Amino acid sequence: MQSMVRGGEACFCLKLHAHIIRQYSIVLYICGMTDYNKIIGDIYREMTPLWGSGKVADYIPALAEVDPRQLGIVVDTVDDMQSYRIGDADIPFSIQSISKVFTLAMVISHTGEDLWKSVGREPSGNPFNSLVQLEHEQGKPRNPFINAGALVVTDRLMSLYPRPKEAIIDFVRSICGSDDIYFDHQVAVSERQNADRNLALAYFMKSFGNIHNDVEKLIDVYCHQCALAMSCADLARSFLVFANRGINPLNGQRILTESQAKRMGALMATCGFYDESGDFAYRVGLPGKSGVGGGIVAYMPGKLSMAVWSPELNSYGNSIIGIEAFERFTTGIRNSIF
Ligand code: GLU
């Protein structure tokens, strides 16, 4: 009898809860505001049946151990600095290539346009770790988000900072407003042990004079930046600096000029998703960056940033559910940069 009463109470509470959420949604709708909680909640429910449709990255053994059935979604808003979260939003994962955005921001904030003498700004149309294009283009990588380009960026960063790994982690902690960000040493070691292709890229570019530092040290720094462990909540917060046109909204500090922030966005929109960048622009319409750890983070200038993590990848190395979730999000809010 008692449990029936409790069951009845629970049922009443649930109904009341659902009623309040419905009323809240209606109020937001009437005020012309977006109900991000509802949108990401709906997306989350629609996405979990897709678990099993991709494959976790296994060319870095430590990544192959990740449980594929995880999904986190976070939206952070620029104006009122609200954070909307669902699922595995606070679990740190290996951000991999997303780190290329952070190192690029660090380097261009110091060197400005100089970097573009050594790295191009065009989509590559080739896999992220391809060697072929480099030979045709005399050791100048197509863009800063393929591995070759990111290696040049990290090389320049090493010339700017005597302690590059510390500089990277300090920078990311500052734009994220969290001292909890760390290098996952197990991932860094695993990647270092399987870095033959990246070593080849770096030595090849060095032969053209486009790498200035010791290649072994460069690969060590690069493997560490890729092994940064961050959650969707951390990533969405750290990308607010790009959404806020170069100013860290957490402390008002300008990290990039407005023009540099615009250019970072243009690079992310055209080159941020390996050779699936065109399709991401077509389906989603936001500048952003993905990594083979299954994370995707993107933003709408002046409005919001969003991160999704789901480790199963498609054949391009992008999170299958991540892309699908982003497509549903921009469709749901009926907004994109286009
Ligand atoms: N650390 C990875 C590599 O260099 C990055 C891959 C990625 O996320 O695109 O192979």
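All of these numbers come straight from a predicted model, not from anything done at the bench. Atoms within each ligand, like the ligands themselves, are counted from 1 in listed order.
- Below 30°, between 30° and 60°, or above 60°: for F102 and F239 the angle between ring planes is above 60°, a perpendicular geometry.
- Within 4.0 Å of ligand 1, contacts by protein heavy atoms are made from Y59, Q96, S97, F128, N147, E191, N198, Y222, C226, Y274, G291, V292.
- For the pair D180 and R173, the salt-bridge criterion is not met [side-chain N within less than 4.0 Å of a carboxylate O].
- Checked for salt-bridge contact, K262 and E258 miss the test: no charged N lies under 4.0 Å from a carboxylate O.
- Side-chain heavy-atom separations under 4.5 angstrom define the hydrophobic clusters, and the remaining members of the one that includes L240 are V78, M81, L250.
- Sorted by first and then second residue, the side chain to side chain donor-acceptor pair (under 3.5 Å) pairs involving residues 264-282 (not counting sequence neighbours) are E276-N314, E276-N318.
- Shown here are the ring pair (Phe, Tyr, Trp, His ring centres under 6.0 Å) partners of F183, two or more places apart in sequence or in another chain: H224.
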